[in-house]
Amino acid sequence: MRTQVAIIGGGPSGLLLGQLLHHRGIDAIVLERKTRDYVLGRIRAGVLETGLVRLMEEAGVADRLHREGIVHDGTQIAVSGEMFHIDFKRLTGTPVIVYGQTELTHDLYDAREAAGARTEFEVDHVAIHDADSDRPCVTYQQNGQEHRIDCDFVAGCDGFHGISRQSIPLTARREYEKTYPFGWLGVLSRTPPVHHELIYANSERGFALCSMRNENLSRYYVQCALSDHPEDWTDAAFWQELKRRIPADMAEQLVTGPSIEKSIAPLRSFVTEPMRWGRLFLCGDAAHIVPPTGAKGLNTAASDVHYLYNGLRQFYEEGDSEGIDRYSERALLRVWKAERFSWWFSGLLHRYPDQSRFDLKMQQADIAFLRDNEAQQRAFAENYVGLPY
């Protein structure tokens, strides 16, 4: 097979890149290790920055997003049983949109199928060859058969555990990582959200988050020990703990119900540099991971897609390689700012095992400064709604 861009990974970043390229007449084949149903069964966050929404519009797949997405003009932060509001719309002129990642991925798959664009599912033993030459190729197995794709470029959108980053020699990349001494226990329930905006809570018992997927589907989290397992927590124990960590008036309004999904996610900050090696480009989780605090994972992947798509468009339409040559530099400038915000916001809200009394006082002062200082609120809002590309 021959294509212009081989995209490894059929998650949202690979699909969005493929759809944007298709709109410009640039051919791409997407390779996905799992089935379509498996990909669509993944439960992920869905707070979308304006930049991602605009990319979906440019890709021609934003109709349902605008019809069903929930616009949030701000967010709530709770500490010591009291809440304060940060008004994104007033401070920045920009809201965010709550729209489940599963729904976004579904829209992109539907658009790809409607366009007749090629997606190969259940591929194994994917390997990238000669990425440091001008004739890269990708090989894989499917249904016991060997396949090869010759291409101009390879986009590695296959996540933290994918083969794309591992295809770059250790001598050519540097990795930066921070692991956090706790996880998030998340529960999905068919219940109305407790509040019309997200609530981020700092309590003596640890962090909690009240979120939603839609008006009848809620997603809640509590900070937990890394040694915990989902089966250690009954639904009743989870709801009781959540109520202890959010303001009393919110706890009284909370509608509980059976969990339809329960999982524990460890928290990590990770970046690899550079994000390009020869004709291989890394996008999204293949290159960086952020803690989920502040909802930057999917949105930072979208900014990577923005830079790579425009670089490839510039290369094919104008014969200019400046965009792809500077892809890693431009993407990493924004990545590190998103990493900083996620790291800072995580430190603001969680209780750490080694937190001293001084550390706790500094955390409390930091929260009070955010609550009382409009300039700090504006800086927070600018980061939350998304820094410009």
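Being a predicted model, the structure only gives us computed values, none of them experimental.
In summary, the aromatic rings of Tyr38 and Phe121 are positioned with their centroids too far apart to meet the 6.0 Å limit. Annotation: Phe207 is not in aromatic contact with Phe182 [ring centroid separation under 6.0 Å not met].
For the pair Arg268 and Phe160, the cation-pi criterion (under 6.0 Å, within 45° of the ring axis) is fulfilled. Geometric assessment of Lys178 against the ring of Tyr180 yields a positive cation-pi assignment under the 6.0 Å and 45° thresholds.
Using a cut-off of 4.0 Å between Lys/Arg side-chain N and Asp/Glu carboxylate O, Glu120 and Arg118 are scored as salt-bridged. We find that Arg371 and Glu82 are not joined by a salt bridge, their nearest charged nitrogen and carboxylate oxygen being 4.0 Å or further apart. By the 4.0 Å N-to-carboxylate-O rule, Arg330 lies too far from Asp325 to be salt-bridged with it. A salt bridge is defined here as a Lys NZ or Arg NE, NH1 or NH2 lying under 4.0 Å from an Asp or Glu carboxylate O, and Lys262 with Glu231 fails to meet this definition. Between Lys337 and Glu382, none of the side-chain N atoms (NZ, or NE/NH1/NH2) sits under 4.0 Å from a carboxylate O, so this pair counts as no salt bridge. Salt-bridge formation is not detected for the pair Arg54/Glu58: no Lys NZ or Arg NE/NH1/NH2 atom is positioned less than 4.0 Å from an Asp or Glu carboxylate oxygen. Between Glu318 and Arg313 there is a salt bridge, with a side-chain nitrogen of the basic residue lying less than 4.0 Å from a carboxylate oxygen of the acidic one. Note on Arg244 versus Glu204: no salt bridge recorded, every NZ/NE/NH1/NH2 to OD/OE distance being 4.0 Å or above.
Of the residues Phe315, Tyr309, Phe153, Phe281, the one that meets the ring-ring contact (aromatic ring centres under 6.0 Å, His included) test with Tyr327 is Phe281.
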Worked verdict on Leu226 versus Thr179 for side chain to side chain contact (heavy atoms under 4.5 Å, CB included):
CA-CA 11 Å; Leu226 284 172; Thr179 56; over 6 Å; no
Residue pair Arg213, Glu261: steps toward the salt bridge (charged side-chain N to carboxylate O under 4.0 Å, His left out) verdict:
CA-CA 13 Å; Arg213 293 294 172 267; Glu261 193 270 344; over 6 Å; no
Step by step, work out the side chain to side chain contact (heavy atoms under 4.5 Å, CB included) result for Asp152 and Arg279.
CA-CA 7 Å; Asp152 299 328; Arg279 294 203 166 199; 4.0 Å; yes
Hey, mind stepping through Leu52 and Leu16 against side chain to side chain contact (heavy atoms under 4.5 Å, CB included) and telling me if it holds?
CA-CA 10 Å; Leu52 174 49; Leu16 180 57; 3.8 Å; yes
Evaluate Val5 against Thr3 for side chain to side chain contact (heavy atoms under 4.5 Å, CB included), listing each step before the verdict.
CA-CA 6 Å; Val5 183; Thr3 191; 5.7 Å; no
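Thr300 and Ala338 make their closest contact through OG1-CB, 3.5 Å (heavy atoms, listed as atom of the first residue, atom of the second, distance).
With hydrophobic clusters built from ILVMFWY side chains whose heavy atoms lie under 4.5 angstrom apart, Val385 does not share a cluster with Leu65. In the hydrophobic clustering of ILVMFWY residues, with side-chain heavy atoms under 4.5 Å counting as a link, Leu15 and Leu308 come out together. Leu217 and Val96 fall into different hydrophobic clusters, where Ile, Leu, Val, Met, Phe, Trp and Tyr side chains are chained together by heavy-atom contacts under 4.5 Å. Tracing side-chain contacts under 4.5 Å through hydrophobic residues (I, L, V, M, F, W, Y), one never reaches Val98 starting from Leu104; they form parts of separate clusters. No chain of hydrophobic side-chain contacts below 4.5 Å, direct or via other Ile, Leu, Val, Met, Phe, Trp or Tyr residues, connects Leu333 to Val305.
For Arg148, the CZ atom is loosely surrounded, since the number of other residues' heavy atoms within 6.0 Å does not exceed 12. Around CD of Glu215, the count of heavy atoms belonging to other residues, nucleotides or ligands within 6.0 Å does not exceed 12. Within a 6.0 Å sphere centred on CH2 of Trp343, heavy atoms belonging to other residues, nucleotides or ligands number 12 at most. Around the CZ atom of Arg2, the shell of radius 6.0 Å holds more than 12 heavy atoms that belong to other residues, nucleotides or ligands.
Side-chain atoms of Arg357 never come within 3.5 Å of backbone atoms of Asp359 as a donor-acceptor pair (strictly under, hydrogens ignored). A donor-acceptor contact shorter than 3.5 Å is absent between the side chain of Arg205 and the backbone of Glu241. Proximity of a side-chain donor or acceptor of Glu32 to a complementary backbone N or O of Gly9 within less than 3.5 Å is not detected. At distances below 3.5 Å, at least one donor-acceptor pair connects side-chain atoms of Asn299 with backbone N or O atoms of Val47. Under a 3.5 Å cut-off, the side chain of Gln223 and the backbone N or O of Arg351 do form a donor-acceptor pair. Although no hydrogens or angles enter the test, the distance criterion places no donor-acceptor pair under 3.5 Å between the side chain of Asp73 and the main chain of Lys89. The backbone N or O of Asp27 lies less than 3.5 Å from a partner atom in the side chain of Gln4, making a donor-acceptor pair. Formation of a donor-acceptor pair under 3.5 Å by the Thr191 side chain with backbone atoms of Thr256 is not found in this model. Side chain of Asp304 to main chain of Gly284: a donor-acceptor pair is present (N/O by atom type, distance under 3.5 Å, no hydrogens or angles). Side chain of His147 to main chain of Tyr140: no donor-acceptor pair is present (N/O by atom type, distance under 3.5 Å, no hydrogens or angles).
Side-chain contact, Gln363 with Asn202: a donor N or O sits under 3.5 Å from an acceptor N or O. Looking at Thr272 and Arg165, their side chains never bring a donor and an acceptor atom within 3.5 Å of each other. Using modelled atom types and a 3.5 Å distance limit, the side chains of Asp320 and Gln314 yield a donor-acceptor pair. No side-chain N or O of Asn310 forms a donor-acceptor pair with one of Tyr389 less than 3.5 Å apart. Side-chain atoms of Gln253 and His195 form no donor-acceptor pair, as typed in the model, at a separation below 3.5 Å.
Residues passing the side chain to side chain contact (heavy atoms under 4.5 Å, CB included) test with Glu339, sequence neighbours excluded: Ser269, Val271, His288, Val290, Val335, Trp336. By the ring-ring contact (aromatic ring centres under 6.0 Å, His included) test, His22 pairs with no residue at all, sequence neighbours left out. Applying the ring-ring contact (aromatic ring centres under 6.0 Å, His included) criterion to His229, with sequence neighbours excluded, gives no partner residue.
The closest side-chain heavy-atom distance from His106 to Thr102 is not below 4.5 Å. Two residues are said to be in side-chain contact when any heavy atoms from C-beta on lie closer than 4.5 Å; Arg190 and Asn216 fail this criterion. Counting heavy atoms from C-beta on, the side chains of Trp184 and Pro291 never come closer than 4.5 Å. Looking at Tyr99 and Val53, their side chains never come closer than 4.5 Å, going by heavy atoms from C-beta outward. Inter-residue side-chain proximity for Leu198 and Met212 is flagged as met; some heavy-atom pair is nearer than 4.5 Å. Between Ile86 and Tyr200, every side-chain heavy-atom pair lies at or beyond the 4.5 Å cut-off.
Clustering of Ile, Leu, Val, Met, Phe, Trp and Tyr by side-chain heavy atoms under 4.5 Å joins Met362 with Phe358. Using a 4.5 Å cut-off between side-chain heavy atoms of Ile, Leu, Val, Met, Phe, Trp and Tyr, Trp233 falls into a hydrophobic cluster with Met83, Leu185, Val187, Val194, Ile199, Tyr220, Val222, Phe238, Trp239, Leu242, Ile246, Met250, Leu254, Ile264.
To the nearest 0.5 Å, atom CD1 of residue Ile367 and atom CG of residue Leu348 are 4.5 Å apart. Once rounded to the nearest 0.5 Å, the distance linking CG of Leu40 with CD of Glu103 reads 8.5 Å.
Applying the ring pair (Phe, Tyr, Trp, His ring centres under 6.0 Å) rule to pairs touching residues 68-94 yields Phe88-Tyr384, sequence neighbours excluded.
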